Amino acid sequence: MFIGFFFLLRKRGIHVSLNEWMSLLEGLEKGLHQSSLTGFYYLCRAVLVHDEADFDKFDQAFLEFFKDVEFTGELPEEFMNWLNHPAEDVESVRKDLEKLELPAETIEEILALIEDRLKTQHEEHDGGNKWIGTHGYTAMGNAGWHPHGVRVGGQSMYRTAQSVAGDRKYRDFRKDNTLDTRSFQQAFRTLRALSVQTDTSERELDLDGTIRDTCDNAGNLKIRMRPPRKNTIKVLMLMDSGGSMDYYARLSSMLFQAAVKSGNFKELHTYYFHNCVYDEVWSQPTLRPNDRVPTDWLLNNFGEEYRVILVGDAMMDPYELHGKRYDWRSRSFSENTGYDQLLRILKKYPHCVWLNPEPKPAHSGYWNQTYLELDNVFPMYHLSQEGIEQAMKSLMRRR
Amino acid sequence: MNEKFSGSQEYVASQELMTTVNIAIALQKPLLIKGEPGTGKTMLAKAVSDALGKDLITWNIKSTTKAQDGLYVYDVVQRLYDSQFGGHGVDDISHYIQMGKLGEAFQSEEQVILLIDEIDKADLEFPNDLLWELDQMEFYIPETKETVKAKHRPIVIITSNAEKELPDAFLRRCIFHYIDFPDAAGMEEILRVHFPDLDQKLLDQALKAFYYVRQMPALEKKPSTSELIDWVRALQASGVPAQQITKTIPFAGVLLKKDKDLDVLKKNL
């Protein structure tokens with residue numbers, strides 16, 4: 001019966017191995033769950049889950065499995081057997097609980113019941129099974145235990161497992177969540193693998209090599225030096241700013257922060273564009289006229305060793321991509337369309353990816369026409385931790 | 001189980017954390033602690049060692065640390081020099097074998113707490129190299145043909161800042177806990193431990209300001225617990241009136257370490 005939880009966890013993407021499962025059983029044998037469902041929840045989580053990114057999946061699976069299995073049906077008896085294995089008064093507790101035939105009240109119902117019973121309750125009450133008191137078995141009161149219990153005042157000793165799991169407070173750590181610099185930073189670290197031994201005049205002692213050489217040299221010290229490993233990754237980031245991207249402003253700024261913070265790059269340059277890269281880009285996200293930088297200058301000054309990350313939703317009116325821009329200052333049409341400029345970037349930089357906060361549209365429509373078109377030419381990834389990880393991996397190899 | 005961890009005088013542990021520590025001790029598995037910087041990962045080991053009255057051996061991991069360093073170091077170079085200049089005892093290899101932190105923990109006459117601090121700093125393969133040693137609590141020294149076996153299985157606490165992914169095989173052998181950043185109530189408790197006679201008004205205002213600063217989205221480095229403690233100490237010493245704190249956030253330099261972040265704060269005030 002209980003093994004079902006094991007399979008459910010695996011089905012929900014938490015790869016629990018048999019070893020871990022055995023550890024859990026060992027823990028239960030030792031009574032580490034403290035005879036409570038909450039203790040059981042923490043024990044399971046500590047033993048079976050190894051990444052805070054999986055906490056949310058675990059919470060959901062736990063809820064799914066234990067939400068409705070209360071003291072009815074055939075599971076509870078077995079389950080209680082399980083939980084109370086080491087407790088001294090297994091039998092009495094179980095009989096008490098069976099006698100009660102506790103219904104699986106929902107929280108709201110219990111709340112209503114509490115109000116009702118508070119009205120009728122007059123004397124103090126401890127350890128019983130009907131009124132509100134302490135250390136009792138009904139769904140209400142303090143320090144008692146019932147998986148759906150509601151606490152009335154007092155210090156929380158054990159938050160019931162469902163309310164802990166139900167909080168889903170680890171939702172932010174999910175890998176497919178899009179709003180977390182920490183996870184972005186981690187994704188950027190993938191690029192660390194690219195650090196290489198550089199050809200500098202700097203040398204450091206190669207201890208292992210020295211020892212080997214010295215031994216080969218019949219014990220006469222022979223020192224070997226080698227160039228140090230250095231991070232040589234240079235990154236050029238081009239970010240869409242304003243317009244339809246306002247909605248993703250926070251996300252973009254988090255991505256930017258993560259890139260800065262991760263400190264994995266030898267150089268990181270960021271420029272901004274609006275909708276599409278035209279003849280000019282901006283050095284600041286505010287896109288003020290003074291911050292303009294010609295795209296040609298960009299292409300001339302950043303060598304092809306730069307890894308280029310474009311960030312934008314790629315959603316625009318098709319003419320914004322293919323039409324020639326009219327420049328109000330020189331009163332003439334620009335030479336290149338946005339699409340031309342993008343292709344120039346793509347051609348110049350063999351390492352180039354596009355990160356898109358907007359998921360790939362399922363159906364083509366007027367506004368996502370350009371998305372699909374750019375998706376065809378650029379390696380495009382979703383702006384989430386998983387997407388960035390994939391993007392970084394593809395940045396490591398030439399297209 | 002006669003030994004249970006329930007926090008210590010200087011360390012406020014959540015119910016969750018205490019449960020997990022006790023699980024790890026009972027199951028005799030390494031406890032892996034992750035969490036934001038400043039949530040007291042390293043302090044935990046100290047607190048556990050104080051609470052259980054056991055010695056603490058700390059192995060600080062750096063990017064250059066090799067798994068071998070923790071077991072033992074065979075000082076070949078010294079031996080070579082000694083042999084060249086005819087030093088004494090060159091024949092005896094065990095002269096040149098020095099125990100690392102893990103070896104030290106194994107050889108200890110009493111059970112100790114072994115803290116492997118910031119394991120993610122090391123090479124990707126590092127945790128894998130320790131699998132057998134942490135599992136079996138023994139290692140073999142080929143040079144002297146000796147096996148070093150733990151006299152008492154140390155309680156192993158490992159911290160990680162999640163800079164690198166840890167290998168699966170390693171994770172499977174650990175009990176895992178993620179320390180959340182404390183909420184205002186938890187933080188108040190922590191501050192109370194450090195400042196037993198702090199004015200309540202000052203404390204409330206400081207916490208309010210602290211969480212306000214933390215939630216500013218443009219920060220590059222969010223202030224953490226240790227910075228808050230320093231800051232409260234500064235506030236207390238200077239005698240700034242409590243109602244001033246949230247308005248002006250004095251001594252912001254204690255909370256925020258980067259010029260950029262200070263500018264952000266200035267704009268937000």
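We name chains A, B, ... by the order of the sequence lines, and we start the count at 1 in each one. We use all heavy atoms of the structure for the numbers below, so side chains are in, but hydrogens, waters and symmetry mates are not. All figures in this text were calculated on a predicted structure; none of them were measured in a lab.
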Whether over 12 other heavy atoms sit under 6.0 Å from [X] [atom1]:
| X | atom1 | answer |
| --- | --- | --- |
| B/Gln98 | CD | no |
| B/Glu189 | CD | no |
| A/Met22 | CE | no |

What distance separates [X] [atom1] from [Y] [atom2], expressed to the nearest 0.5 Å?
| X | Y | atom1 | atom2 | value |
| --- | --- | --- | --- | --- |
| B/Leu171 | A/Asp54 | CG | CG | 10.0 Å |
| A/Leu43 | B/Ile175 | CG | CD1 | 7.5 Å |
| A/Arg45 | B/Ile23 | CZ | CD1 | 10.0 Å |
| A/Thr214 | B/Tyr81 | OG1 | OH | 8.0 Å |

Non-hydrogen atoms of chain B under 4.5 Å away: do they reach the side chain of [X], the backbone, both or neither?
| X | result |
| --- | --- |
| A/Val49 | backbone |
| A/Leu221 | both |
| A/Glu20 | side chain |

Please report the closest heavy-atom contact between [X] and [Y], naming both atoms and the distance.
| X | Y | answer |
| --- | --- | --- |
| A/Ser23 | B/Lys29 | OG-CE, 3.0 Å |
| A/Tyr42 | B/Thr19 | CB-CG2, 4.3 Å |
| A/Asp51 | B/Lys34 | OD1-NZ, 3.4 Å |

>> Among A/Thr210, A/Val16, A/Asn220, which residue has the highest count of heavy-atom pairs closer than 4.5 Å to chain B?
In response: A/Asn220

>> Evaluate A/His50 against B/Arg173 for side chain to side chain contact (heavy atoms under 4.5 Å, CB included), listing each step before the verdict.
In response: CA-CA 9 Å; A/His50 302 292; B/Arg173 285 167 170 82; over 6 Å; no

